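Residue numbers begin at 1 in each chain, while the letters A, B, ... track the order of the sequences. Just so it is clear, the structure is predicted and the values come from calculations on it, not from any experiment.
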Number of protein chains: 2
Amino acid sequence: MLDGHKRKRRFRDPGRTRERLLQAAFREVHRSGFRSAGIDTILAATNVTKGALYYHFDSKEALGYAIVEEIIAKLVRDGWLRPLLSDGQPIDILIGIVRRIPARPEDIRAGCPLLNLAQEMSPLDEQFRKRLERIFLSWQEGVATLLRKGQSQGTVRRNLNPDEAASFLIAMVEGYGSLAKNAQDAKVWEVGIRNIVEWLRSLRAPRQSRRGGRRATNRVQGKG
Amino acid sequence: MLDGHKRKRRFRDPGRTRERLLQAAFREVHRSGFRSAGIDTILAATNVTKGALYYHFDSKEALGYAIVEEIIAKLVRDGWLRPLLSDGQPIDILIGIVRRIPARPEDIRAGCPLLNLAQEMSPLDEQFRKRLERIFLSWQEGVATLLRKGQSQGTVRRNLNPDEAASFLIAMVEGYGSLAKNAQDAKVWEVGIRNIVEWLRSLRAPRQSRRGGRRATNRVQGKG
DNA sequence: TCTAACATACAGACAAGTATGTATGTTAAT
DNA sequence: ATTAACATACATACTTGTCTGTATGTTAGA
């Protein structure tokens, strides 16, 4: 135990202070948006003072960029990119991921942190935009790669463009997220998930072209 | 010409002043978001003074509500609800509407005014939320009604839920709009429209169940 | 028709609060 | 003992909204 990571809960633990500031800032930004997020609110939530915050972050913008790169990027990695590498059929993996998206009332109300920041800041701040776009691209690329894998395995239709299908999926997830957020109603989200899942099923290759036989509960492409 | 509506372009024209304020406020809110929209910016854009603005609107919130009810609601009426009543096959009508959504660079950059306000204000201000929800509901209801008409005419698949399909369409439109806004790239939007149109085509009833014969350019449901 | 009385539609300075960021002092750790 | 890691007080800018004043329009009465 060479590093003093938590050997006694020291008075000064700059790494921890920084992390607590980041987490509190993320929550505040998630609730109020970046521009309306108050520095004082973050300080009150952490019992950290302004001097300490501005010691760790040069400005409010720098704090915002850190939220994107360290917290939101991690959410996408943990919620999507890593699960995308699971074992199993690509479509099943995607359905599992989509179904596991958090849907507690507070998540619905506040909306997707990534989309919220993108909506608010992308037209106003190119630095924000670039960082957010990187995350969107990694998300899309991850899904597209899995779909390509499914195509080469024969479980995903070959007549679809993996990049566009990935983008389609992301647009739907974020679109339904927005509708549910505005309705402030988790049911809107649940219905959305059902329809996204149905669409994902429609991406399966028809039975005869598959290698492993699989019972065809494949519903029609439209909607139930 | 009993009313003095425009008999000489008077110095005082309260109706026009109010309308100019509304339009300028809409543009400023569209660009900057509601909370970051500056009253002074609106005043500078219109050469109207603060006293005049607060004569016509009780508060900044009241101005925001008026933007929703008078401007954004009208955009949805003109861009969707009225066109939905056109002659022709429902799916064709929807495709036409979707294709006619403005896609100039400035529209892409700023994003959909309805979604922007909903994203920003719905979790924070119930009065905003309710007004915006009314618009979303009228939008969804209009699309659903047209789909039902198509079902009874036999041009739209009967195994779909019109309300959910309408919601699906709206989620896609707004989702792609968000992605394009974040990418600041009209191409993202164009690709989105292509995919939305393909999905809309997949809602057509199969040929044999239709009344009027129509050449079947119906592509597969997935993606090109 | 002329005018007194009043209402409407503004103008512009100012108040009050809130925001971020800085300057400087203090304490803990190496 | 030096410096990193804070604490505190304050400067500065910007926000919405109010307040008083004024010019114009409208109406009622003689």
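Rounded to whole Å, the distance from CG on B/Asp58 to C1' on D/dT18 is 13 Å. If you measure from atom CG of A/Leu63 to atom C1' of C/dT20, you get 12 Å, rounded to the nearest angstrom. Atom P of nucleotide C/dG21 and atom CZ of A/Phe57 are separated by 13 Å, given to the nearest angstrom. Protein atom OH of A/Tyr55 is 18 Å distant from nucleotide atom C1' of D/dT8, rounded to whole Å. B/Leu43 places its CG atom 12 Å from the P atom of D/dG17, with the value rounded to the nearest Å. Counting to the nearest Å, the C1' atom of D/dT18 and the CG atom of B/Leu53 are 13 Å from each other. With rounding to whole Å, A/Leu21 atom CG is found 13 Å from D/dA5 atom P. Between A/Asp40 atom CG and C/dG21 atom P the separation is 12 Å, expressed in whole Å.
Here the side chain of A/Thr49 is nearest to one of C/dA11, D/dC6, D/dA7, namely D/dA7. Checking D/dA7, D/dT18, C/dT20 against every side-chain atom of B/Tyr54, the shortest atom distance belongs to D/dT18. In the set D/dA4, C/dA11, C/dT20, the nucleotide with an atom closest to the side chain of A/Lys60 is C/dT20.
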A/Arg31 vs A/Glu28, test: salt bridge (charged side-chain N to carboxylate O under 4.0 Å, His left out). Steps then yes/no. CA-CA 5 Å; A/Arg31 267 202 304 273; A/Glu28 165 71 357; 3.7 Å; yes

Verdict with reasoning, A/Lys187 to A/Glu190, per salt bridge (charged side-chain N to carboxylate O under 4.0 Å, His left out): CA-CA 5 Å; A/Lys187 277 181 195 162; A/Glu190 289 159 21; over 6 Å; no

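Not one side-chain nitrogen or oxygen of A/Ser59 sits closer than 4.0 Å to the OP1 or OP2 atom of C/dG21. Phosphate proximity of D/dA4 to A/His56: absent, as no side-chain N or O sits under 4.0 Å from OP1 or OP2.
By the neighbour-count criterion of 12 heavy atoms within 6.0 Å, atom CG of A/Asp58 is sparsely surrounded, having that number or fewer from other residues, nucleotides or ligands.
For B/Glu174 (side chain) and A/Leu179 (main-chain N/O), no donor-acceptor pair under 3.5 Å exists by modelled atom type.
Nearest-nucleotide mapping onto DNA chain C: of B/Arg18 and B/Lys50, the residue sitting toward the 5' end is B/Arg18. Between A/Ile39 and A/Gly51, the residue anchored closer to the 5' end of DNA chain C is A/Ile39, taking for each the nucleotide with the nearest heavy atom.
Heavy atoms of B/Ala62 sit nowhere under 4.0 angstrom from any nucleic acid atom.
Taking the centre of each ring, B/Trp199 and A/Phe168 stay at or above the 6.0 Å mark.
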